[in-house]
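Working notes, beginning with the structure itself.
We number each residue from 1, following the sequence as shown.
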Amino acid sequence: AHTASLAFDSTETRTRLSLSALWLTVEFQIQKRAADSEIWARRRRGLIITRELEGRITGFGDISGHRICLRQKGSGSQLLFDDLMARNGIERDAIHEACEKHTELEAVLSLIEGVADICFGLEYLARRYKLGFVPVLEERVDLLVSRQFYFEDEFQQFLRFCESPEFNRIRNSYPGYDFTHLGTVH
């Protein structure tokens, strides 16, 4: 058996490695055919903006000079936001960091409270709180289900519920989520 010792220089590195290890575990389970990935939903993530900025913010190229609420360092949302800024050629010191929050809801509330102008988050929260939204990407949310459990009565009952009028009412209350491919196995 081999063991490895790694030194981490930041929370961000630990988070990326943890996510990578989790993904490799999931990929291994899928490759062994011990589990299947089933599409749960797709959702849109982007820039949530105050109503006053609608029409003036069309993408990352327009965020400089505005007060931005960030997520805590090392969070998945913040790592993604930092990556998107880098891909768009925006230096961290080019933005005005108004605040840092632990949840997307807290970040959205900072816009409502007038602390920030922009945050990175889900379309669902923007619509729920009547804020502007500039889509940046679409995420696929999957369920990882073991092949054995997939055929168990409990899981089949869950799938039937997902086709029910009651669940249809629930999913219609989540703007920004697309359940069109719910249950598709790959």
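Put simply, the side chain of D83 never gets that close to the backbone of L79: no donor and acceptor are under 3.5 Å apart. For N88 (side chain) and I90 (main-chain N/O), no donor-acceptor pair under 3.5 Å exists by modelled atom type. Side chain of E106 to main chain of T103: a donor-acceptor pair is present (N/O by atom type, distance under 3.5 Å, no hydrogens or angles). Although no hydrogens or angles enter the test, the distance criterion places a donor-acceptor pair under 3.5 Å between the side chain of R71 and the main chain of H102.
Ion pairing between a basic and an acidic side chain is recognised when a charged N comes within 4.0 Å of a carboxylate O; R160 and E163 show no such pairing. Using a cut-off of 4.0 Å between Lys/Arg side-chain N and Asp/Glu carboxylate O, E100 and K73 are scored as not salt-bridged.
Pairs engaging residues 55-64 under the side-chain hydrogen bond (donor to acceptor under 3.5 Å, both in side chains) rule: T58-D62 [sequence neighbours left out]. The stretch residues 125-134 participates, sequence neighbours left out, in these side-chain hydrogen bond (donor to acceptor under 3.5 Å, both in side chains) pairs: E123-R127. Counting only residues at least two apart or on different chains, the ring pair (Phe, Tyr, Trp, His ring centres under 6.0 Å) pairs with a member in residues 69-96 are F60-F81, F81-F120.
With sequence neighbours excluded, the residues that form a side-chain contact (heavy atoms from CB on, under 4.5 Å) with E113 are L109, V115. Residues passing the salt bridge (Lys or Arg N to Asp or Glu O under 4.0 Å) test with E139 are R43, R45, sequence neighbours excluded. A search for side-chain contact (heavy atoms from CB on, under 4.5 Å) contacts involving R169 returns P165, E166, not counting sequence neighbours.
For F155 and F158, the gap between ring centers is short of 6.0 Å.
Linking Ile, Leu, Val, Met, Phe, Trp and Tyr residues whenever their side-chain heavy atoms come within less than 4.5 Å leaves L111 and L70 in two separate clusters. Y124 is connected to F167 through a chain of hydrophobic side-chain contacts under 4.5 Å among Ile, Leu, Val, Met, Phe, Trp and Tyr, so both are in one cluster.
Atom CE of M85 and atom CZ of R87 lie 13.0 Å apart (nearest 0.5 Å).
No side-chain heavy atom of I48 sits under 4.5 Å from any side-chain heavy atom of E104. Counting only heavy atoms from C-beta outward, the side chains of F133 and L125 never approach each other to under 4.5 Å.
In this structure, E154 places its CD atom where more than 12 heavy-atom neighbours from other residues, nucleotides or ligands lie under 6.0 Å away.
Taking the six-membered ring where the residue is Trp, Y174 and Y177 present perpendicular rings, their angle passing 60° and hence far from 30°.
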